[in-house]
Number of protein chains: 2
Amino acid sequence: MAASGIETALRMLEGRWKMVIIFHLFDRGTLRFSELERAIPGVSQKVLINQLRELEKDGIVERQVYPQVPPKVEYKLSAWGEQMCPALDLLLEWTAQRPQGNAET
Amino acid sequence: MAASGIETALRMLEGRWKMVIIFHLFDRGTLRFSELERAIPGVSQKVLINQLRELEKDGIVERQVYPQVPPKVEYKLSAWGEQMCPALDLLLEWTAQRPQGNAET
DNA sequence: CAGGATCCGCTACGATACTG
DNA sequence: CAGTATCGTAGCGGATCCTG
């Protein structure tokens with residue numbers, strides 16, 4: 001088993017908001033920057049952009065720029081990014097099965 | 001979809017080495033501290049212990065202490081922790097399918 | 001609207017030395 | 001062997017201001 005491979009794998013997902021972003025994009029398909037901002041209350045612009053850039057760099061998220069006067073940028077999961085969602089769903093299921101009470105202590 | 005739930009979920013797995021630890025424990029069943037140390041070259045004792053403690057606190061890993069003169073402590077996945085492995089496997093599969101070349105650039 | 005530029009604080013990580 | 005203690009650092013995350 002390539003345990004060392006998981007490092008690189010998970011480093012792409014490390015980041016306080018990446019999963020949240022991915023879930024929102026998976027849930028709603030395509031979102032503009034401001035929509036993401038509103039969808040994720042706790043995050044600041046800088047961090048949001050930062051995480052988006054990293055996700056983009058890693059090929060998980062795609063960024064579509066519309067060259068308009070009021071700027072419009074849309075984010076969505078790449079095909080590959082979408083393929084990760086089953087895994088995340090499993091992860092969610094798993095957390096839901098936590099024995100000692102699933103309260104977020 | 002509980003996108004906010006994923007935050008708490010993944011925060012348990014955040015940590016440079018947690019996944020690696022989990023994979024090793026899943027792979028080899030039970031490991032002593034020194035064995036984990038050797039299995040994971042890049043990690044320092046302090047961090048390794050730290051991550052183990054957090055995993056233990058979150059109920060993912062179980063710690064078995066044998067009160068002996070040469071101390072012996074074994075770590076293994078809890079039943080719940082083992083249930084996470086399918087998800088991690090999916091995640092690994094997913095990373096293996098990376099389109100733009102799965103090199104860790 | 002989208003995001004660049006700064007400054008700032010925290011904590012996760014890392015290396016090393018020491019101990020029961 | 002399995003930790004604890006201490007110190008140092010980089011980077012992430014956060015807030016705020018500014019711009020095309």
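Below, read A as the first sequence line, B as the second, and so on, with proteins coming before strands; counting in each chain starts at 1.
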List the residues meeting side-chain contact (heavy atoms from CB on, under 4.5 Å) with A/Glu93, not counting sequence neighbours, and say none if there are none.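 By the side-chain contact (heavy atoms from CB on, under 4.5 Å) rule, A/Glu93 matches A/Leu90.
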
Closest contact, heavy atoms only, [X] versus [Y]:
X       : Y       : value
B/Trp80 : B/Gly59 : CE3-O, 3.5 Å
B/Ile40 : B/Val43 : O-CG1, 3.3 Å
B/Arg98 : A/Asp58 : NH1-O, 3.5 Å

So, does A/Trp17 get its side chain near the phosphate of D/dC12, meaning an N or O under 4.0 Å from OP1 or OP2?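 No, because none of the side-chain N or O atoms of A/Trp17 sits under 4.0 Å from OP1 or OP2 of D/dC12.
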
Please check the phosphate of D/dA2 (OP1 and OP2 only) for any side-chain N or O of B/Arg32 closer than 4.0 Å.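 So the side chain of B/Arg32 is within the cut-off, an N or O lying under 4.0 Å from OP1 or OP2 of D/dA2.
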
Rounding to an integer number of Å, can you tell me how far [X] [atom1] sits from [N] [atom2]?
X       : N      : atom1 : atom2 : value
A/Lys18 : D/dG13 : NZ    : P     : 8 Å
B/Arg63 : D/dC1  : CZ    : C1'   : 12 Å
B/Gln68 : D/dA2  : CD    : P     : 10 Å
A/Glu14 : D/dA10 : CD    : C1'   : 14 Å

Below 4.0 angstrom, which residues in residues 69-77 of chain A have at least one non-hydrogen atom near DNA chain D?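 Going residue by residue through residues 69-77 of chain A, the ones with a heavy atom under 4.0 Å of DNA chain D turn out to be A/Pro71.
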
Tell me, please, the opening and closing nucleotides of DNA chain C, 5' to 3', among those with an atom under 4.0 angstrom from a non-hydrogen atom of chain A.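 It runs C/dC1 to C/dC7.
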
Looking at A/Asn50, A/Leu48, A/Ile49, which hits side chain to side chain contact (heavy atoms under 4.5 Å, CB included) with A/Leu52?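 Considering A/Asn50, A/Leu48, A/Ile49, a side chain to side chain contact (heavy atoms under 4.5 Å, CB included) with A/Leu52 is found only for A/Leu48.
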
Report the residues that fulfil salt bridge (Lys or Arg N to Asp or Glu O under 4.0 Å) with B/Glu54, sequence neighbours left out, ordered by chain and then residue number.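 Residues passing salt bridge (Lys or Arg N to Asp or Glu O under 4.0 Å) with B/Glu54: B/Lys18.
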
Considering only residues two or more places apart or on different chains, which pairs with a residue in residues 60-75 of chain B satisfy side chain to side chain donor-acceptor pair (under 3.5 Å)?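 Qualifying pairs: B/Glu62-B/Lys76, B/Arg63-B/Tyr75, B/Tyr66-B/Glu74.
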
For DNA chain C, determine which residues of residues 35-47 of chain A have any heavy atom closer than 4.0 angstrom to one of its atoms, and list them numerically.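 Those residues are A/Gln45, A/Lys46.
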
